[in-house]
Amino acid sequence: MQHSLYKAVLFLLIGFLGACSFKKMDKKAEVQQPNILFISFDDLRPEMGTYGSEIAKTPNIDKLAQKGLQFNKAYCQQSICSPSRASLMTGARPETINVIENYTYFRDENPDIITLPQHFKENGYETVNCGKVYHGKFSDQEKSWSMKPDYNALGYKVNALVEKFVDPDNIRTFKENKAKMKAKYGDQHGLGMGPAFECVDVQDNAYIDGVNTDMAIHIMKEHKASKSKKPLFLGVGYIAAHLDFLAPKKYWDMYDQEDIKLTNQIKGPIDGAPMGLHASFELRVRSNIPKYGAIPDTLARDLKHGYLATASYIDAQVGKLLAALDDLGMLDNTIVMLWSDHGFHLGEMGVWCKATNYDIATRVPLIVWTPDQSEKSRGVQTDALVELVDMYPTLCDLAGLEKPKHLEGQSFAPLLDNPNQEWKSAVFSAFPNPALREWAANPLSKGMRETYFGPLIKDVEANIKEVMKDKWDREFFENDLMGYAMKTQRYKLVLWKDRKNKEKEPLFIELYDHQKDPKETVNIAKQQPELVQELVDQFNKGWEGNKAKTNKGRSLI
């Protein structure tokens, strides 16, 4: 009797524990992997209210930062479109994948590399891209994306899925200039352009960024309606704030030109590298920009006005995306990661556009929001050093995916739990000689030399010769000289080296103390030889030797 009672109790206990176990398994099985909303900007530096801009009107991005984690010291790996994007999307650094200019397709050099969206696709995600996430035609549609967006579903005619002018005069100017250059030099990028900006009273979807917002919202709605068990990885890439500065008039009207201040930093760093700055080639090819000499203040103010207008324009698009996510009930299970591919000079150091190693070109906005992040990081700003190449492993951790072995970044998911913990000691960027390369980072073409920039290039070369003296070698400087930058919490070190013989001593060294000189106005390398050697030793440890000590990822599931 007693034995039978003991067996009955034992069976009941086993049954109870088994039921609890199954309930736990069922609960785990019910947990859905998070959606990913991956929002990118083109050429947008941290010119936002939340980053301290005194004039930029970006309420939607500011609101996202108030709910998520804002990274104040995020850096790209190269301040030009294709290398930056290829690096972050493959999770490997530009020289590793051999993409250091805009014309090399990363798949040609790395046919089997697993990209960020490809990895998510292969782990059960629906992956789709609207706009410029990769660079231009290098969209990797076959491997990275599981479906193509159907622009016919929008219900209105989309004339072209590229940036374009709306004003008839600007359209005509662009076509005429392009035809002239094409007749002489072929279809070469950058020759024969229209004006640098346009202000027309049109709807948001008159330009491609508004179209892609409509497309992204349509995809969200379709995904929700399908009741798909697959989570969604949605890349939304905005062309703004890239030249040309195209935005509907209502965004221009948000600013009074009298309030727009121009930089007073109109010269490069004292004792800076003569090859560290360029002649604003990307801007000067525009039809309404002088090809030589200073940019007049009135024109500079128009340009900055246009840049601010595009920032507000894409901020409005971000607001539409987040509102749609919320309305669809998807926000509570969606990770939002917002970033730009590099920064931008607006006349600082006497330079316009990107393509330098200075902080104004390499520092980027980066904001992350997750549904369950720690209250310690909500609405918080962190000064932890992070890189765009870190985004791939971070998203893997947040979505509970294994990380591919080839990744060269470090997940910053732990910062979402503790944003003030000790983190990386340095981050790295590089750029091949900006002075003697086009903004696409390719050596200056015959067309550029013969048309727009002959006099400018003579000035640039003369300056380099004067400083570098017997070290000057045009073929080497154009093709093999690379500026390698390391950013620590306090310092920026730039080593100008032979990229094919990295063991050689640097030809030139730049050092900036960001604590005393945040705008990088004076190169102090010659005055601080011991500090330079200390930082060179740190540089030689590479990205792996400067990682955070902890690399414990955090998963949402």
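- Ring orientation note: the planes of His345 and His278 are nearly perpendicular, at an angle over 60° on the 30°/60° scale.
- Among all heavy-atom pairs drawn from Ile97 and Ser87, the shortest one is CD1-N, 3.9 Å.
- Judged by distance alone, the side chains of Asn212 and Tyr151 do bring a donor and an acceptor atom under 3.5 Å apart.
- Within the 4.5 Å cutoff, the side chain of Ser40 has no heavy atoms near those of the Asp341 side chain.
- A salt bridge does not link Lys57 with Asp315: every distance from a Lys NZ or Arg NE/NH1/NH2 to an Asp or Glu carboxylate oxygen is 4.0 Å or more.
- No side-chain N or O of Gln538 forms a donor-acceptor pair with one of Thr488 less than 3.5 Å apart.
- Side-chain N or O atoms of Ser79 include one that pairs as donor or acceptor with a backbone N or O of Thr356 at under 3.5 Å.
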Checklist entry - Yes or no on salt bridge (Lys or Arg N to Asp or Glu O under 4.0 Å) for Glu348 and Arg45, after CA distance, side-chain angles and deciding distance? => result CA-CA 13 Å; Glu348 292 87 0; Arg45 69 191 198 178; 3.1 Å; yes

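- Counting only distance, with no hydrogens or angles, the side chain of Ser144 and the backbone of Pro117 share no donor-acceptor pair below 3.5 Å.
- Closest approach of Pro434 to Gly276, counting heavy atoms only: CG-O, 3.8 Å.
- Remark: side-chain polar atoms of Ser53 are not paired, donor with acceptor, to backbone N or O of Gly49 under 3.5 angstrom.
- With 3.5 Å as the limit, one finds a donor-acceptor pair spanning the side chains of Tyr238 and Thr213.
- Taking all atoms of both residues into account, the shortest heavy-atom contact from Glu438 to Pro443 is OE2-O, 3.9 Å.
- A donor-acceptor pair is defined here as one N or O able to donate and one able to accept, closer than 3.5 Å; such a pair exists between the side chain of Glu387 and the backbone of Phe428.
- Asp390 is linked by a side chain to side chain donor-acceptor pair (under 3.5 Å) to Lys424, counting only residues two or more places apart in sequence or in another chain.
- The neighbour count for Lys320 NZ, taken as heavy atoms of other residues, nucleotides or ligands under 6.0 Å away, is above 12.
- Taking NZ of Lys549 as the reference point, atom CD of Gln421 lies at 12.0 Å (rounded to 0.5 Å).
- The shortest non-hydrogen separation linking His119 to Asn123 is O-ND2, 2.8 Å.
- Here the side chains of Met89 and Tyr392 are not in contact, with every heavy-atom distance at 4.5 Å or above.
- Atom CG of Leu232 is separated from atom OH of Tyr125 by 9.5 Å, given to the nearest 0.5 angstrom.
- Side-chain contact check for Gln70 versus Thr382: every heavy-atom pair is 4.5 Å or farther apart.
- When atom types are taken as modelled, the side chain of Asp326 and the backbone of Leu331 share no donor-acceptor pair closer than 3.5 angstrom.
- Phe71 and Phe412 have tilted rings, their planes meeting at an angle from 30° to 60° on a 0 to 90° scale.
- No side-chain donor-acceptor contact under 3.5 Å links Arg437 to the backbone of Ala355.
- Side-chain atoms of Glu520 and His514 include a donor-acceptor pair closer than 3.5 Å.
- Atom CG of residue Asn479 and atom CE of residue Met482 lie 11.5 Å apart, to the nearest 0.5 angstrom.
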Item to check | Chi angles and distances behind the side chain to side chain contact (heavy atoms under 4.5 Å, CB included) call for Val318, Leu322 | outcome: CA-CA 6 Å; Val318 170; Leu322 297 178; 3.9 Å; yes

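- In this structure, Lys221 contributes its side chain and Leu328 its backbone to no donor-acceptor pair below 3.5 Å.
- Side chains of Leu308 and Phe245 form no contact here, defined as non-hydrogen atoms less than 4.5 Å apart.
- One N or O on the side chain of Asp62 and one on the backbone of Thr50 form a donor-acceptor pair closer than 3.5 Å.
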Item to check | Working for side chain to side chain contact (heavy atoms under 4.5 Å, CB included), residues His242 and Phe41 | outcome: CA-CA 9 Å; His242 194 290; Phe41 304 131; over 6 Å; no

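- Pro34 has its side chain out of reach of Thr370: every pair of non-hydrogen atoms, C-beta onward, lies at least 4.5 Å apart.
- Considering only heavy atoms from C-beta on, Leu243 stays 4.5 Å or farther from Trp352 through its side chain.
- Inspection of the Asp383 and Gln381 side chains reveals no N or O donor paired with an N or O acceptor under 3.5 Å.
- Between the side chains of Glu408 and Thr96, at least one donor-acceptor pair of N or O atoms lies under 3.5 Å.
- The closest side-chain heavy-atom distance from Asn35 to Leu325 is not below 4.5 Å.
- Of the possible polar contacts, none joining the Gln78 side chain to the Ala441 backbone as a donor-acceptor pair under 3.5 Å is found.
- Every ring pair (Phe, Tyr, Trp, His ring centres under 6.0 Å) that Tyr251 has, sequence neighbours left out, goes to Tyr313.
- The pair Lys502-Glu95 meets the salt-bridge criterion, with a side-chain N (NZ, NE, NH1 or NH2) lying under 4.0 Å from an Asp/Glu carboxylate O.
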Checklist entry - Given Leu481 and Trp496, is the side chain to side chain contact (heavy atoms under 4.5 Å, CB included) satisfied, shown in steps? => result CA-CA 7 Å; Leu481 183 61; Trp496 292 92; 4.1 Å; yes

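- The CD atom of Glu375 sits 10.5 Å away from atom CG of Asp372, with the distance rounded to the nearest 0.5 Å.
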Next on the checklist: Between Asn72 and Tyr51, is the side chain to side chain contact (heavy atoms under 4.5 Å, CB included) condition met? List the steps.
Outcome noted: CA-CA 8 Å; Asn72 288 335; Tyr51 277 96; 3.6 Å; yes

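- How far CG of Asn205 is from CG of Leu154: 8.5 Å, rounded to the nearest 0.5 Å.
- Within the model, atoms CD1 of Ile239 and NZ of Lys164 stand 11.0 Å from one another, a figure rounded to the nearest 0.5 Å.
- Between Cys81 and His135, the shortest heavy-atom distance links the atoms CB-ND1, 3.4 Å.
- Judged purely by distance below 3.5 Å, without hydrogens or angles, the side chains of Tyr156 and Asp214 pair a donor atom with an acceptor atom.
- Looking at Asp42 and Arg85, a side-chain N of the basic residue comes within less than 4.0 Å of a carboxylate O on the acidic one, giving a salt bridge.
- Salt-bridge annotation for Lys487 and Asp359: absent, with no side-chain N of the basic residue lying under 4.0 Å from a carboxylate O of the acidic one.
- No side-chain heavy atom of Glu198 sits under 4.5 Å from any side-chain heavy atom of Asp244.
- For an aromatic pair to be called close, the ring centres must be under 6.0 Å apart, and Phe38 with Phe233 satisfies this.
- In this structure a side-chain-to-backbone donor-acceptor pair under 3.5 Å is missing from Asp417 to Gln373.
- Looking at every heavy atom in both residues, Val99 comes nearest to Thr104 through CG1-O, 3.8 Å.
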Item to check | side-chain hydrogen bond (donor to acceptor under 3.5 Å, both in side chains) evaluation trace for Glu126 with Ser228 | outcome: CA-CA 9 Å; Glu126 191 80 71; Ser228 172; 5.0 Å; no

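- Checked by atom type, the side-chain pair Glu101/Asn442 shows no donor-acceptor distance below 3.5 Å.
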